[in-house]
Each structure stands twice: as structure tokens, then as C-alpha cells.
Amino acid sequence: MDKINQEKIWRLIQNTGDSLIGKLPDHPNHPNGRNPYAHVALKVKERFGCSYKDISDAKYQEIVDFLDYVKREEG
């Protein structure tokens, strides 16, 4: 993914994480609370099989749509 799209996706990941602050369920592995930004980044990695930086520019809109889905479903 090119640098401009990486920056756009990172801002969307941050916005999605912002929307999940305090909304993720408690988990025994995270006694001090869960990190919503790491959660969103992990969701992207699980869905696409790699870091958002390594995803093809051709999948840009698919990533945007997926982040919208995460925000709706988990927020």
C-alpha cells in the first residue's frame, strides 16, 4: 500500500479505536482494560492476513468497509 493510503487507513483505524473506547468486553488477559486500537489493528490483520501496511492498494475500499463494519458491530 502506498504511503498516502497507509496514512488514511491508519486514521480510520484510530477513529474506529476511538469509537470502541470503553465498549470492549472485559477479558482475563487484560486486567487493566483492553486497547481498542490494538484490537482494531488485530481485526484487520486477522481479516486480511497481514498488517494494514502490507495490504494491496486495490483492497483500499474493502478495508474502509471492514473498518465501518467493526465500528458498527463492536461499538
**OP:** Calculate, to the nearest 0.5 Å, the distance between atoms CD1 and NE2 belonging to I13 and H39 respectively.
**Re:** 12.0 Å

Original post:
Got a second to check how far M1's CE is from S56's OG, nearest 0.5 Å?
Top reply: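 The CE atom of M1 sits 7.5 Å away from the OG atom of S56.
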
[X]: which residues meet the side-chain contact (heavy atoms from CB on, under 4.5 Å) condition with it, sequence neighbours left out?
X: D18; result: N15, I21, Y37
X: S51; result: K53, D54
X: E46; result: L42, K43
X: D26; result: none

Would you please name every residue forming a side-chain hydrogen bond (donor to acceptor under 3.5 Å, both in side chains) with [X], sequence neighbours left out?
X: E73; answer: none
X: N35; answer: none
X: E62; answer: R47

Original post:
Can you name the nearest heavy-atom pair linking L12 to V64, along with the distance?
Top reply: CD1-CG2, 3.6 Å

Original post:
Which atoms form the tightest heavy-atom contact between G17 and P36, and what is the distance?
Top reply: O-CB, 3.4 Å

Original post:
Hey, are the side chains of P25 and R34 touching, using non-hydrogen atoms and a 4.5 Å cut-off?
Top reply: yes

Original post:
Do V44 and I55 touch side chain to side chain, with heavy atoms closer than 4.5 Å?
Top reply: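 Side chain of V44 against side chain of I55, heavy atoms only: contact under 4.5 Å found.
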
Which ring pair (Phe, Tyr, Trp, His ring centres under 6.0 Å) pairs, counting each pair once, include a residue from [range], with sequence neighbours left out?
range: residues 13-33; result: H27-H30
range: residues 1-20; result: W10-Y52
range: residues 55-75; result: F48-F66

Original post:
Step by step, would you call I63 with N5 a side-chain contact (heavy atoms from CB on, under 4.5 Å)?
Top reply: CA-CA 11 Å; I63 300 167; N5 284 343; over 6 Å; no

**OP:** Starting from the C-alpha separation in whole Å, work towards a yes-or-no answer on side-chain contact (heavy atoms from CB on, under 4.5 Å) for T16 and D68.
**Re:** CA-CA 8 Å; T16 304; D68 283 340; over 6 Å; no

Original post:
Distance-only, no hydrogens or angles: does the D2 side chain make a donor-acceptor pair with backbone N or O of D57 under 3.5 Å?
Top reply: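 A pair under 3.5 Å: no.
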
**OP:** Count the heavy atoms belonging to other residues, nucleotides or ligands that lie under 6.0 Å from NZ of K59, then report whether that count exceeds 12.
**Re:** no

